[in-house]
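Here you go, one structure.
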Amino acid sequence: MTAVISRLTDIRLVRYLLASIGALAVDVGAFLALLSLGMWAAGASAIGYCLGIAAHWVLSSRAVFIGNVASRGAARTRQKALFVISALVGLGLTTAIVWAGDASGFDPRLAKIVAIGVSFISTWLLRSRVVFR
């Protein structure tokens, strides 16, 4: 059993999923807190997502794409910029989906769940194929 668990932690997608869960906890926690304070759903979603971005960079660069993190200097700055761009794609998708759901009369929490799935797939593809290649 330990060997199976050890092998799973070596798989990049599994590590990315776990990092995403951590970042998602930050994102959704902030989103729900801001919603409970009466904030506009799309704005609360955007702020939560931004806080999740910071958490995701730390987790991705230190636990997921360990061998693919650029060394210091221009290469590292470029990689961080690409990471932020991938995060902005996810942010745009998330905010648009939550806004559209809320504007259509859906519970913004349900729209956020849909947005999480779309954003996860989009950012995984960008980060695994462009940012940390």
Side-chain angles (χ1 to χ4, degrees):
M1 183 63 153
T2 305
V4 171
I5 292 171
S6 177
R7 176 69 181 130
L8 285 176
T9 59
D10 289 339
I11 300 170
R12 185 182 297 183
L13 180 58
V14 173
R15 291 192 317 251
Y16 186 81
L17 178 62
L18 294 172
S20 295
I21 290 169
L24 180 62
V26 172
D27 174 355
V28 172
F31 172 68
L32 293 174
L34 293 169
L35 271 184
S36 72
L37 294 173
M39 186 173 203
W40 177 50
S45 179
I47 291 170
Y49 194 91
C50 288
L51 294 172
I53 289 169
H56 215 301
W57 167 259
V58 171
L59 294 168
S60 291
S61 65
R62 288 168 177 75
V64 179
F65 300 104
I66 303 158
N68 300 87
V69 176
S71 57
R72 302 203 182 277
R76 180 72 172 234
T77 301
R78 179 181 178 278
Q79 192 171 55
K80 285 180 180 179
L82 288 171
F83 186 90
V84 169
I85 290 167
S86 72
L88 291 174
V89 169
L91 173 61
L93 289 168
T94 297
T95 304
I97 291 167
V98 171
W99 173 82
D102 188 40
S104 299
F106 290 98
D107 184 329
R109 293 169 293 200
L110 295 176
K112 180 75 171 176
I113 290 169
V114 172
I116 288 166
V118 172
S119 177
F120 175 84
I121 292 166
S122 301
T123 58
W124 161 253
L125 290 171
L126 287 169
R127 290 172 185 167
S128 66
R129 296 182 182 187
V130 178
V131 179
F132 294 105
R133 61 180 160 88

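FYI, side chains are in, hydrogens and waters are out, and symmetry mates aren't considered; it's all heavy atoms of this structure.
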Close side-chain approach of Leu32 and Arg109, heavy atoms under 4.5 Å: yes
Least distance between heavy atoms, Ser128 atom then Phe65 atom: CA-CE2, 4.2 Å
Salt bridge Asp27-Lys112, side-chain N to carboxylate O under 4.0 Å: yes
Exercise: identify the closest heavy-atom pair between Ala23 and Gly52: CB-O, 3.5 Å
Rounded distance [0.5 Å steps], OG in Ser61 versus CD in Gln79: 8.5 Å
Cluster overlap Val58 with Val28, hydrophobic side-chain contacts below 4.5 Å: no
Distance (rounded to the nearest 0.5 Å) between Ile53 CD1 and Tyr49 OH: 5.5 Å
Worked check of side chain to side chain contact (heavy atoms under 4.5 Å, CB included) between Leu126 and Val89: CA-CA 9 Å; Leu126 287 169; Val89 169; 4.0 Å; yes
Same cluster (ILVMFWY, side-chain, under 4.5 Å), Trp57 and Leu82: yes
Shortest non-hydrogen contact between Pro108 and Phe31, atoms and distance: O-CZ, 4.0 Å
Where Arg129 and Arg133 come nearest, the two heavy atoms and their spacing: O-CD, 3.5 Å
Within one Ile-Leu-Val-Met-Phe-Trp-Tyr cluster: Ile113 and Leu35, side-chain cutoff 4.5 Å: no
Nearest-0.5 Å distance that lies between atom CG in Leu88 and atom OG1 in Thr95: 10.0 Å
Check: Ser86 side chain, Phe83 main-chain N or O, donor-acceptor pair, under 3.5 Å: yes
CG-CD1 distance between Asp102 and Ile97, expressed to the nearest 0.5 angstrom: 13.5 Å
Between CG on residue Leu91 and CD1 on residue Ile85, distance to nearest 0.5 Å: 13.5 Å
From Leu18 atom CG to Ile11 atom CD1, the distance as rounded to the nearest 0.5 Å: 11.0 Å
For Thr123 against Gly90, the heavy-atom pair lying closest together: CG2-CA, 4.1 Å
Check against side chain to side chain contact (heavy atoms under 4.5 Å, CB included), Met39 and Ile47: CA-CA 11 Å; Met39 186 173 203; Ile47 291 170; 3.2 Å; yes
Short side-chain to backbone donor-acceptor contact, Ser45 and Ala41, under 3.5 Å: no
Ser36 versus Ala33, closest heavy-atom pair with distance: OG-O, 2.7 Å
Cluster check Ile21, Trp124: I/L/V/M/F/W/Y, side chain < 4.5 angstrom: yes
Sub-4.5 Å side-chain heavy-atom contact between Leu59 and Val64: no
Near-ring test Tyr16/His56, centroid separation under 6.0 angstrom: yes
Transitive ILVMFWY side-chain link Leu125 to Leu17, under 4.5 Å: yes
Arg78 atom CZ, neighbour heavy-atom count above 12 within 6.0 Å: no
